[in-house]
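One structure below.
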Protein chains: 2
Amino acid sequence: MTHFHDATTCQSCAQRFTSVFCKAKQEFIADINEQKICNVYKKGQTLFNEGSYPFGVYCINDGKVKLSHLGDDGKEQIIRLLRGGDVLGYRALLSGERYSASAIALEDTQVCFIPKELFISVLKSDTGLAFEMMKLLSDELHKAEVKLTHLAQKPIRERLAETLLFIKETYGYEADGITLSVRLSREEIANLVGTATESTIRLLSEFKKDGMVELDGKKIKILRQKELIKTANLQD
Amino acid sequence: MTHFHDATTCQSCAQRFTSVFCKAKQEFIADINEQKICNVYKKGQTLFNEGSYPFGVYCINDGKVKLSHLGDDGKEQIIRLLRGGDVLGYRALLSGERYSASAIALEDTQVCFIPKELFISVLKSDTGLAFEMMKLLSDELHKAEVKLTHLAQKPIRERLAETLLFIKETYGYEADGITLSVRLSREEIANLVGTATESTIRLLSEFKKDGMVELDGKKIKILRQKELIKTANLQD
DNA sequence: TATAGCGCATGATTTTTATCATGTTTTTAG
DNA sequence: CTAAAAACATGATAAAAATCATGCGCTATA
């Protein structure tokens, strides 16, 4: 079983320099530290469910989480991948709606929960944090718009290559420097790319044949990142 | 040529009850009123261009604007449609980046420009407005995520029906109660749906044959909204 | 007012992608 | 440890969508 760092206080939290909250004033960090509730979710467990009401925000201390939407026909669409330092659950809270997506742990994950009232009150008194939140939302909106454009305009082959690079950007490599450090099923990759599972499987096999990746079950190694970038046909 | 209402002051502006700014405190509204610069953009004119730096936010007083992205291969993707009361340009400003999309007037449009420094300083001092902005961003993010899911999972026929309904929601009908009150080219509709222009033309013809719409050049009349909703296969 | 160009329309064809079918391998649970 | 289920893989086929091609009609403009 995964072993976690000590995160009993926000002041000693491993994420204290990476999270949005690092910009909050010390006094508020102390408040958060008092009221936060830490929790460990095992792989596959749900932090919150689409359709339910938000009671606070979640702050990932260590681990990996996927945020996914159900399409009108019940098919999962993975909207975002989250890692240590990321905050989630704020979107529904800020727009005063139910959760529009479910959050599920991709591996054993340590999470701090910050109650709604506290979050809102800190946000009200700490302008810096409010601006950080606005920046965070703006960045997410930007990413969503770019993804939207690619989804509308790029063929699946390019989108799969892009998705593999995105996974690498998000979670990085294992110690060997080439294995993606997350285990996703082919179906999950498909739900990230926005395609059928079989298409993903087929294209991954092609990428393997082309020598760009190596496949070993759910372990994916990136052998030629440059070619993958070329395959993804990215401008930036 | 279009004739516009008087909008010389924010206090008498037709949008003073609908815009996000309606939640700003009176004192700040007065500041904005002093520093704003009003302008009329003719159909086809650009308010700002993807890639350039934002110097403020734009507030539509009256008119219609499209916000669009260029895909990596240069194809337009329409991200949002805006109308009187809508604000634009804030995303890039808040995340401190260049514009990631261009804003182009779909018809003669009256716009107020609010300089960056003023916008930021009001946002700093007016918590209510900051929360409104966070809510706005959250709502946009939500819409983008839903659109993303539909783009990934729904066939073009459903997406076109949904787009027509979306246009209706955004701009409404003309006096006759059935004609969409915006003139978009087939290509623009395609760039909203995320498909090829020919596919859009073909499907619109089908919708016409099915008696759901009536086509008269760029004039589109919705004859059977219920069937259109069914065709869009929407859950909510 | 002639005409070049654009937007609209539609047919034919090709490409892309999803679906169905089937077998194999890997996990999971009893 | 073993059976059942889930995940992976791959071929065959069907469906969806893009592309190419052509023609028509409107409109901007020289």
Side-chain angles (χ1 to χ4, degrees), chain A residues 1 42-45 71-78 106-107 149-164 180 182-210 213-221 231 233, chain B residues 42-44 71-77 106 149-164 180 182-210 213-221 231 233:
Chain A
M1 194 81 310
K42 298 212 169 169
K43 180 178 173 170
Q45 278 193 318
D72 291 346
D73 52 351
K75 194 186 173 193
E76 174 188 54
Q77 179 66 33
I78 302 183
L106 291 170
E107 57 180 49
T149 304
H150 289 183
L151 216 36
Q153 301 185 355
K154 293 181 159 223
I156 294 186
R157 190 183 170 78
E158 296 184 16
R159 298 206 320 261
L160 175 60
E162 192 176 343
T163 298
L164 292 177
L180 292 180
V182 66
R183 297 297 128 86
L184 295 169
S185 69
R186 302 293 191 260
E187 190 180 8
E188 284 174 315
I189 297 175
N191 295 344
L192 210 40
V193 174
T195 187
T197 308
E198 294 96 321
S199 301
T200 298
I201 291 172
R202 242 181 274 274
L203 280 169
L204 277 176
S205 298
E206 279 188 36
F207 285 4
K208 179 182 167 186
K209 210 175 292 169
D210 297 348
V213 305
E214 196 178 304
L215 304 172
D216 174 17
K218 287 192 180 32
K219 260 188 241 176
I220 297 176
K221 296 180 200 225
T231 303
N233 191 23
Chain B
K42 298 213 168 167
K43 179 177 174 171
D72 290 346
D73 51 352
K75 194 185 172 192
E76 173 187 53
Q77 178 67 32
L106 290 170
T149 304
H150 289 183
L151 217 34
Q153 299 185 358
K154 292 183 159 221
I156 292 185
R157 190 183 170 80
E158 295 183 17
R159 301 213 310 269
L160 175 60
E162 192 176 344
T163 298
L164 292 177
L180 293 180
V182 66
R183 297 298 129 85
L184 295 170
S185 69
R186 303 293 191 260
E187 189 180 7
E188 283 173 316
I189 297 175
N191 294 343
L192 211 37
V193 174
T195 186
T197 308
E198 294 96 320
S199 301
T200 297
I201 292 173
R202 242 181 274 274
L203 281 168
L204 278 175
S205 299
E206 279 188 35
F207 285 5
K208 179 183 169 185
K209 210 175 290 170
D210 297 349
V213 304
E214 196 179 303
L215 304 173
D216 174 16
K218 287 192 180 32
K219 261 188 239 177
I220 297 177
K221 296 179 198 228
T231 303
N233 191 24

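Every value quoted in this text rests on a predicted model; they were computed, and no experiment measured them. Below, chains carry the letters A, B, ... as their sequence lines are ordered, and counting in each starts from 1.
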Flag side-chain contact, heavy atom, 4.5 Å: A/Leu204 against A/Leu164: yes
Under-4.0 Å side-chain N/O to phosphate OP1/OP2 contact, [X] with [N]:
X	N	value
A/Lys218	D/dC8	yes
B/Ser199	D/dA18	yes
A/Arg157	C/dT16	no

Rounded distance (Å) that lies between atom P of C/dT27 and atom NZ of A/Lys219: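 After rounding, the reported distance stands at 10 Å.
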For atom NZ of B/Lys208 and atom P of C/dC8, their distance in whole Å: 13 Å
Approximate separation, where rounding is to 0.5 Å, of [X] [atom1] and [Y] [atom2]:
X	Y	atom1	atom2	result
A/Thr195	A/Arg157	OG1	CZ	13.0 Å
A/Lys154	A/Leu160	NZ	CG	12.0 Å
A/Gln153	B/Glu76	CD	CD	9.0 Å
B/Ser199	B/Ile189	OG	CD1	13.0 Å
B/Asn233	B/Glu158	CG	CD	4.0 Å
A/Glu187	A/Thr197	CD	OG1	4.5 Å

Minimum-distance nucleotide to B/Ile201 side chain [options: D/dA17, D/dT10, C/dA9]: C/dA9
Atom pairs under 3.5 Å: protein N/O with N/O of nucleotides 11-14 of chain D:
{"from": "D/dG11", "atom 1": "N7", "to": "A/Arg202", "atom 2": "NH1", "distance (Å)": "2.9"}
{"from": "D/dG11", "atom 1": "O6", "to": "A/Arg202", "atom 2": "NH2", "distance (Å)": "3.1"}
{"from": "D/dA12", "atom 1": "N6", "to": "A/Arg202", "atom 2": "NH2", "distance (Å)": "3.4"}

Close residues, residues 189-197 of chain A, relative to DNA chain C [heavy-atom separation under 4.0 Å]: A/Thr195, A/Ala196
A/Lys221 and A/Asp216 ion-paired at < 4.0 Å: no
Sugar-phosphate only, base, or nothing, as touched by A/Ile156 at under 4.0 Å among non-hydrogen atoms: sugar-phosphate
